[in-house]
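The structure displayed is predicted, hence computed values, not measured ones.
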Amino acid sequence: MDQFQVGDQIRITKLELDGVMRRRLLDLGFVPGVIVTVFQKSPLGDPIAYQVFQTIIALRKEESSLIYGEKINEEVCIHE
């Protein structure tokens with residue numbers, strides 16, 4: 001997930017973490033199928049803040065690089 005840009009919405013597909021870190025992220029809401037938003041990146045790109053439900057959580061690149069997801073396409077509405 002560390003490759004996405006601020007404002008992108010991502011549906012989590014897989015976590016490749018084990019042990020305590022995996023349990024911690026699952027408890028925080030980083031569960032396959034959940035949609036998260038890239039909320040903010042620090043000036044050097046690490047850490048990155050993600051919005052999960054109504055909570056903002058900052059993850060280091062080493063953690064977020066092991067969480068995989070797909071960007072959700074934005075629907076375009078055309079008003080006549």
Original post:
At what distance, to the nearest 0.5 angstrom, does CD1 of Ile67 lie from CG of Leu15?
Top reply: 5.0 Å
Original post:
With distance as the sole test, does Thr13 use its side chain to make a donor-acceptor pair with the main-chain N or O of Tyr68 at under 3.5 Å?
Top reply: yes
Original post:
Leu28 and Phe53: same hydrophobic cluster, using ILVMFWY side-chain contacts below 4.5 Å?
Top reply: yes
Original post:
To the nearest 0.5 Å, what is the distance between CD1 (Ile12) and CE (Met1)?
Top reply: 5.0 Å
Original post:
Is it the case that one hydrophobic cluster holds both Leu44 and Phe4, taking links as side-chain heavy atoms less than 4.5 Å apart, direct or via other members?
Top reply: no
Subject >> Within residues 14-30 or reaching into it, pairs that qualify as side chain to side chain donor-acceptor pair (under 3.5 Å) - sequence neighbours excluded >> reply: Lys14-Glu16, Arg23-Asp27
**OP:** State the OG-CD1 distance between Ser64 and Ile48, to the nearest 0.5 angstrom.
**Re:** 4.5 Å
Original post:
Can you find a pair of side-chain heavy atoms, one from Asp8 and one from Thr37, that are under 4.5 Å apart?
Top reply: no
**OP:** Would you give the length of the straight line joining atom OH of Tyr50 to atom CD1 of Ile57, rounded to the nearest 0.5 angstrom?
**Re:** 11.0 Å
Subject >> Nearest heavy-atom neighbours spanning Leu26 and Val31 >> reply: O-CG2, 3.8 Å
Original post:
Does Ile72 offer a backbone N or O that forms a donor-acceptor pair with the side chain of Glu70 under 3.5 Å?
Top reply: no
Original post:
Which pairs pass salt bridge (Lys or Arg N to Asp or Glu O under 4.0 Å) with one or both residues in residues 48-61, sequence neighbours excluded?
Top reply: Arg60-Glu63
Subject >> Atom of Gln40, atom of Val6 and distance for their closest heavy-atom approach >> reply: CA-CG2, 4.1 Å
Original post:
Do Leu59 and Phe39 belong together in a cluster built from hydrophobic side chains that touch within less than 4.5 Å?
Top reply: no
**OP:** State, to 0.1 Å, how close Ile56 and Ala49 come at their nearest heavy-atom pair, and which atoms those are.
**Re:** CG2-CB, 3.9 Å
Subject >> Approximate separation, where rounding is to 0.5 Å, of Gln9 CD and Ile35 CD1 >> reply: 6.5 Å
